[in-house]
Structure formats: C-alpha cells, structure tokens
Amino acid sequence: MTRVAPSPTGFMHVGGIYAALMSERVAHQSGGVFYLRVEDTDQKRKVDGATKVISNSLSRYGIFADEGVDEDGNSYGPYGSYTQSERKEIYQAYAKKLLEEGQAYPCFCVAEDLDLMRKIQEKQSMRPGYYGRFAKCRTLSDDEILAKLKAGEPWVLRFKSPGNNEKRMLIKDLLKGDINMPENDLDIVILKGDGLPTYHFAHAVDDHLMGTTHVIRGDEWVSSVPLHIQLFVALGWKAPKYGHYATLQKLDNGNKRKLSKRHDPEANIVYFWEKGYPEKALIEYLLNLINASFEDWRNKNPDKDAFEYPMSFNKISNTAGALFDFQKLHSISKEVVARMTADEVYVAVLNWAKEYNAPFAEKLQNNKDYVTAILNIERNIGKKSRKDLIKWEDVEADMSYFFADWVRPDLGEFKDELPLNPDEMRQIGVDFKAVYNKNDDKDTWFKKIQEIAEKHGFATDTKSYKASPESYKGSIIDVANVLRVLVTGRTKSPDLYQIMQIMSDELLSSRL
RNA sequence: GACCCUAUCAUCUAGUGGUUAGGAUACAACCCUCUCAAGGUUGGUACACGGGUUCAAAUCCCGUUAGGGUCGCCA
C-alpha cells in the first residue's frame, strides 16, 4: 500500500511524477494498492481546479490511483475523503485525544514571540526551535490556559514531544539504510490556528487510517522521521516503513540544486506538454533514473510497454540527487518515437497541435494521408529507422517544405555550402525537371542525377572526385545537394528520392 | 551554527574485499553513404583527498574537503 500526496497548488512538479511513478510501481508490481491523497492543509496555497491538474498529469503518464481523488475533486475508495481539508474533524478528534492524554497542549505564542525566540537562540548560537525552556506554553497551568482562551487569544495545538535531543535513535530507511539520528524534542504544531493539521500530524493520521505500509517520499523528509515516529507512537499506532529518495537536481553555475519551481521552467510538467515530449519518453527517462538497468531491459525487450519493466525497489540509487539530463531524455525520446508507427505519430502530433498550435492542427487534419506518408519516411525499418524526431513541437518546422505555403530561402544563402551560384543551381533544377519521372525506381532516379552531374562537370561518384578533385567542379554530393536545396531549402534532409515520391508533381516542379 | 545524507568518466550509473573498473548518453575519429539522421567499428588521465585495517580496498573504518537536505501555524 503506497501513495502519492501532492499539494493542490495548480503546479505539477516533474519530481511529482517521478515520486508517483516510484510509488505506483512499488505497489502495483507487488499486487498492492496505490492511492492519491490531496494535501491541501495550506489554504493559502490552494488553487481552484488543482485536483484536475494533478489527476490529469498522472493519468497522462499512465499512472492511475486505485483510490483517491478524481479530477473534479471527488474522492473514491474505502477510506473516506482523500482530500485533507475534508478530514478536519478526523484530525481534530485525534488531536483532542492527545490533548486529553497530556500529549499535546495549546500554545498561545504568536509570530512575534517565535521570532524573538529564534533571535535569542541565534545570538546564543543555540539550536533553534520550540523546545525545552523555550517551549513557554508547555508549562502553562490549566487556569492560565482557560484565562487566555477566555480572553480570546489565538492558539495552536502543539505536540508535547517526549524526546531528548541528547539521545539517539536508529531509523531504518528502505532506500538509505540505517540512519542514526538524535531524538526529536521539538514541540511542533499539530493543529494550526485555522483548525487544520500540519503536514506532520496529517501524515500520521492519514497514513495510518488509509493503511499505508510504505511511505516513499523525497529526502527532504528524512530529518522529520524521528518526529513522525514519535507521533505514531503517541497515537498508539505502528509507523509505516519509510523510503527516502534523492530529489531531481539541476546544474546552476557549477553547483547542483533542487529543480526549482521558481527558476526552472522544466520543473513544471506542463513544460513537457508544451514542447510535446512523448509521455512514454519521460516515463522511460524517469524509470532509467530510478533503476539504471532499465535501459538494458529496454534493449532486450524493445516491444514491451515500459510498465512491464520489473523495477527493483532496492536498486534505487542511494546517491545524491541526479541532474535532470535533457540529452539523455532526447536520446530516449528518439528511440521511443522511432518505435512508433507513422499513424501513431500522426495522432500524437495532432493531439499536441490541437492544444498548442491550432493552425498546424488544421493543416494536419486537412492532409492526413500526406502527413502520414511524410512521417513514414525511413520509419519502421528496424534498427536503422530514422531517429531524429524528439518532440512534437519540432514536427511543423521539420516538414514545412512539404507545403505550398512554405517559402524557400534565397539560393544565395548557400554560397558557403555549395560550389555553385544561384543561376547554376536553377539550371540543374531545370535539367533535372526535364528528365524526372515519378515512376522511376531509385536507381534510375539516381542515374539521372549522375548524368546531370557529368554534364555540368561534376564527378559522378565520390571516389573519383576524391581521387582527383581538381578535375571536377565538385562531386555528385554537390549536385544532389543542389536538388535538395531546391526542393527542401536545406542541405540536410531525409532521403531525397522518397521526398520527391511523396510530393505532388505540381509542388515538385514549382521548386525545380 | 546544529543535525542528517552523498561522493566512480562531462552526465546517469553498474560495482557489496581479488574486475584489463562494465554499460548508456554526450563528445571525437573512421566505415557505410546523394546530405542529415540512423547503423557499424574504435577512442578518452572516472573510483574527491589523506590516513588506517587487510596478503589484497572503488568496496570496510577514521578524518578532511566538496555538494545536497532539514531546522515554519509550507508541504
């Protein structure tokens, strides 16, 4: 039983998908349950429609929760609401229990009191926090409490920590191994002024009630584990097993840092949608980060779905956080796209364009067969399949020259790449047009180009050109490239014969 | 400042006392070739540093350094 527990801030972090994928795999691979809980106890950060963002983000990547919250914010599953703000009474009931047992107490300290406390602690270079003699409200008598309550002073509920900072405890982490930590002695807030619980308290209550057996979360939580275990003990419950993974990092001025919502556009999962990264590519990239042996498995099982990969939990790397590597993602994405059929690519590109490039979507819809034929160039020929398409965003520019509304760049721009002036280039086009026949097979087609090369004083093959470059104006490569530039406006393109086969006669002759 | 985690090629990593330290990405060269991509072949001063333990250390221990994380009525 695992879970993913994002906050509904309207922002889905790519690390959230990473975390969800890990938890989902752990649960489902072992026949367990994976659920989604919405942690909206911070009302300030809550955004309308955010559950939709969460739910859509997960399902888009094929991650489905057995229990949880749907995109409209409705809970499904046996353990009541999976939205924390709707569980207020539950937390309050358990908080009351702790209060009655003397394991919690009301605190009337306001922000200024705490600021002052922190300043004093800083000045005396003491450990900061609400503990020991700084925990002023801990020793309030019942009468004092009643008086303050009566006077209408705002209050929160604090946990009366039984810990001793001098003592140490052993934490068994599923991913990091044994960790020796001091006990927690901070009297942390469990119920805030608005009556909602803090993360720590909600974690204990929910993960117990919802039956979580394995809590897999980012390692920013490691230092809270002693507290969390105290909370479970205080409530009389068994703590779940914890596994803390290192969060995704980003290289910034030579230093690694957390992939940040504020500074890094790629932290937002929407970034990958806008660019049109195939969902499978991101999943495969993340699986590769989770278990490096994924790529070996992928090589051996090129046709299997990534979700069939048997992830091993104990092989999750235990090092500092990995840098998010776009080069690797791109390489994986090329492979993923190369494994798709032209029809599948067409559908994916169209879906992307409908949302992010409406004019292109229209073009795609109006030219379905044509576009599919273009996408099919050098596709599905096994290992040698064309692998240059990374993301859907790039498709429009890639195939722009296949459409009549495209304007070819000025031929003079190619003077550094080709040993001919624009007039000579046009002449080659005219010569080729005179002999071109769409019914020619590739050999015949190429022979005709060779004949033109010879006529214009170019070598008909690269070997003879290399043997005596001074006897020619250039090689067959130059002639082919002239045709390429005339037709596609670029010196680099997919197979020119196939391009000409797909293009309409009118369009082709207008270019030559 | 205190506490915790981590340290193998540029990047992600394999590695659990005996390996020519392996793979993938990136980069470079060559082959193939009408260009590009792909494919094939090959390549590069990677175990942070210093001490131990041991016949033997990337692997175990200690220290140093560096990076990351936490110390909120945010999660």
Side-chain angles (χ1 to χ4, degrees), chain A residues 5-7 9 39-42 44-45 107 109-111 114 118 121-122 125-130 154-158 165 171 173 176-177 179-182 186 188-194 196-200 202-203 217-226 244 246-247 249 251 254-258 285 288-289 291-296 298-299 315 317-332 334 338 378 381-389 417 445-446 449-450 453 461-462 475-481 483-485 488 490-497:
Chain A
S7 296
T9 59
E39 309 225 319
D40 63 342
T41 55
D42 185 0
K44 292 188 290 292
R45 295 204 305 168
C107 169
C109 294
V110 293
L114 299 174
R118 230 162 284 143
Q121 289 168 332
E122 204 174 309
S125 45
M126 294 180 72
R127 198 160 47 89
Y130 204 83
W155 59 279
V156 299
L157 199 67
R158 281 185 187 273
N165 190 248
I171 294 163
D173 190 281
K176 292 188 183 293
I179 306 172
N180 191 284
M181 300 246 290
L186 261 31
I188 57 105
V189 173
I190 58 176
L191 239 40
K192 303 187 281 192
D194 60 6
L196 283 167
T198 55
Y199 170 85
H200 307 290
H203 153 57
R217 49 158 42 166
D219 62 5
E220 67 266 28
W221 293 110
V222 172
S223 43
S224 311
V225 174
H244 295 91
T247 47
Q249 305 284 118
L251 202 61
N255 283 340
K256 279 185 177 183
R257 61 165 171 74
K258 240 171 149 173
Y285 174 65
N288 182 51
L289 285 184
N291 275 183
S293 65
F294 172 78
E295 53 193 4
D296 291 334
R298 171 48 85 206
N299 283 334
K315 286 240 169 115
S317 142
N318 182 28
T319 57
L323 250 28
F324 196 94
D325 184 358
F326 272 95
Q327 282 183 330
K328 184 80 178 183
L329 172 65
H330 287 177
S331 149
I332 288 175
K334 284 180 188 175
E378 294 169 286
I381 45 177
K383 246 188 142 178
K384 290 181 154 188
S385 277
R386 188 160 198 90
K387 287 173 196 160
D388 57 354
L389 187 53
E417 292 165 90
W445 172 83
F446 189 61
I449 297 178
Q450 285 178 313
D461 60 279
T462 43
S475 83
I476 183 74
I477 294 176
D478 298 312
V479 178
N481 262 338
L483 292 173
R484 191 184 311 283
V485 164
T488 70
R490 55 189 81 171
T491 53
K492 299 166 184 177
S493 83
D495 185 77
L496 190 56
Y497 174 75

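Numbered from 1 within each chain, the chains take letters A, B, ... in sequence-line order.
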- What interatomic distance, in whole Å, is found between C1' of A57(B) and the corresponding atom of C49(B)? 16 Å

- Message: Rounding to an integer number of angstrom, what distance separates A58(B) and C71(B) when you compare their C1' atoms?
- Response: 34 Å

- Which part of the nucleic acid, if any, lies within reach of S385(A) when heavy atoms closer than 4.0 Å are counted: base, sugar-phosphate only, or nothing? sugar-phosphate

- Task: Rounded to whole angstrom, note down the P distance from U59(B) over to C27(B).
- Result: 33 Å

- Message: I want to confirm an ordering. Mapping Q249(A) and G193(A) to their closest nucleotides on RNA chain B, which one lands closer to the 5' end?
- Response: Q249(A)

- Query: Between G69(B) and K176(A), is there an OP1 or OP2 to side-chain N/O distance shorter than 4.0 Å?
  - Reply: no

- Between C5(B), C34(B), C73(B), which one does the side chain of F446(A) approach most closely? C34(B)

- Mind checking R298(A) for me? I need base, sugar-phosphate or nothing, with any heavy atom below 4.0 Å counting as a touch. nothing

- Message: Can you identify which nucleotide, out of U13(B), U11(B), A26(B), has its nearest atom closest to the A292(A) side chain?
- Response: U13(B)

- Of the listed nucleotides C34(B), U11(B), A24(B), the one nearest the side chain of I477(A): C34(B)

- Message: Does G39(B) have OP1 or OP2 under 4.0 Å away from a side-chain N or O of K387(A)?
- Response: yes

- Task: When you get a sec, tell me which of C36(B), U6(B), C73(B) is the closest nucleotide to the side chain of T198(A)?
- Result: C73(B)

- Item | Worked verdict on T9(A) versus R45(A) for side-chain hydrogen bond (donor to acceptor under 3.5 Å, both in side chains) | CA-CA 6 Å; T9(A) 59; R45(A) 295 204 305 168; 6.0 Å; no

- Query: Taking any strand in view, what nucleotide pairs with C3(B) in a Watson-Crick or G-U wobble way, both distances under 3.5 Å?
  - Reply: G69(B)

- Message: Apply side-chain hydrogen bond (donor to acceptor under 3.5 Å, both in side chains) to residues E39(A) and S7(A) and explain how you reach the verdict.
- Response: CA-CA 5 Å; E39(A) 309 225 319; S7(A) 296; 5.5 Å; no

- Message: Just to be sure I understand the rule, does P182(A) reach a base, reach only the sugar-phosphate, or reach nothing, if contact means heavy atoms closer than 4.0 Å?
- Response: sugar-phosphate

- Task: Would you check, one step at a time, whether the test salt bridge (charged side-chain N to carboxylate O under 4.0 Å, His left out) holds for K328(A) with E295(A)?
- Result: CA-CA 11 Å; K328(A) 184 80 178 183; E295(A) 53 193 4; 2.8 Å; yes

- Query: Does K334(A) make a side-chain N or O approach to OP1 or OP2 of A24(B) shorter than 4.0 Å?
  - Reply: no

- Counting any heavy atom closer than 4.0 Å, what does P6(A) reach on the DNA or RNA strands: base, sugar-phosphate only, or nothing? nothing

- Message: Quick check on C74(B): is either OP1 or OP2 less than 4.0 Å from any side-chain nitrogen or oxygen of K44(A)?
- Response: yes

- Item | Whole-Å C1' distance, G69(B) and C60(B) | 26 Å

- Task: Assign V189(A) to base, sugar-phosphate, or nothing according to its heavy-atom contacts below 4.0 angstrom with the strands shown.
- Result: sugar-phosphate

- Query: Across the strands shown, which category fits E39(A) at heavy-atom distances under 4.0 angstrom: base, sugar-phosphate, nothing?
  - Reply: sugar-phosphate

- Message: Between E417(A) and N481(A), does the side chain to side chain contact (heavy atoms under 4.5 Å, CB included) criterion hold? Intermediate values first, please.
- Response: CA-CA 9 Å; E417(A) 292 165 90; N481(A) 262 338; over 6 Å; no

- Among C12(B), A75(B), C73(B), which is the nearest nucleotide to the side chain of W221(A)? A75(B)

- Can you find a side chain N or O atom of K328(A) that sits less than 4.0 Å from OP1 or OP2 on U13(B)? no

- So which nucleotide does A24(B) pair with, by the Watson-Crick or G-U wobble rule with both distances under 3.5 Å? U11(B)

- Query: Are K387(A) and E378(A) close enough for a salt bridge, meaning some N to O gap below 4.0 Å?
  - Reply: no

- Task: Please state the C1' separation for the pair C9(B) and U25(B) - nearest whole angstrom.
- Result: 12 Å

- Task: Just call it for S125(A): base, sugar-phosphate, or nothing, with non-hydrogen atoms closer than 4.0 Å on any strand.
- Result: nothing

- Message: Which nucleotide, if any, forms a Watson-Crick or G-U wobble pair with G63(B), using both distances under 3.5 Å?
- Response: C49(B)

- Task: Tell me the partner of C32(B), counting only Watson-Crick (N1-N3 plus N6-O4 or O6-N4) or G-U wobble (N1-O2 and O6-N3) with both under 3.5 Å; none if nothing fits.
- Result: none

- Within the structure shown, what part of the strands sits under 4.0 Å from T41(A) by heavy-atom distance: base, sugar-phosphate, or nothing? sugar-phosphate

- Task: Go through A26(B), U35(B), U6(B) for me and flag the one nearest to the S493(A) side chain.
- Result: U35(B)

- Query: Roughly how far, to the nearest 0.5 Å, is OH of Y199(A) from NZ of K192(A)?
  - Reply: 13.0 Å

- Message: Students often mix this up, so state it plainly: with edges at 30° and 60°, are the rings of Y285(A) and F324(A) parallel, tilted or perpendicular?
- Response: perpendicular

- Please evaluate the base of C3(B) for a donor-acceptor partner in the side chain of R127(A) within a cut-off of under 3.5 Å? no

- Query: Taking 4.0 angstrom as the limit, do K176(A) and D219(A) come out as a salt bridge?
  - Reply: yes

- Task: Kindly indicate whether the side chain of D478(A) and the base of C34(B) share any N or O donor-acceptor pair separated by less than 3.5 Å?
- Result: no

- Message: Once you apply a heavy-atom cut-off of 4.0 Å, does W445(A) come out as touching a base, just sugar-phosphate, or nothing?
- Response: base

- Look at all strands and tell whether D495(A) reaches a base, only sugar-phosphate, or nothing, counting heavy atoms closer than 4.0 Å. base

- Message: Please name the nucleotide paired to A56(B) by Watson-Crick or G-U wobble geometry with both distances under 3.5 Å, or report none.
- Response: none

- Query: With sugar-phosphate meaning primed atoms plus P, OP1 and OP2, does E122(A) contact a base, only sugar-phosphate, or nothing at under 4.0 Å between heavy atoms?
  - Reply: nothing

- Message: Both R386(A) and N165(A) contact RNA chain B. Which one's nearest nucleotide lies toward the 5' end?
- Response: N165(A)

- Task: For nucleotides A10(B) and A26(B), find the distance between their C1' atoms and express it as a whole number of Å.
- Result: 7 Å

- Message: Tell me whether the side-chain N/O atoms of K192(A) come closer than 4.0 Å to OP1 or OP2 in A75(B).
- Response: yes

- Task: Just compare U70(B), C4(B), U13(B) and give me whichever is closest to any side-chain atom of S317(A).
- Result: U13(B)

- Distance between the P atoms of G44(B) and G22(B), in whole angstroms? 11 Å

- Task: Pick the P atom in C55(B) and in A48(B), then give their distance to the nearest Å.
- Result: 25 Å

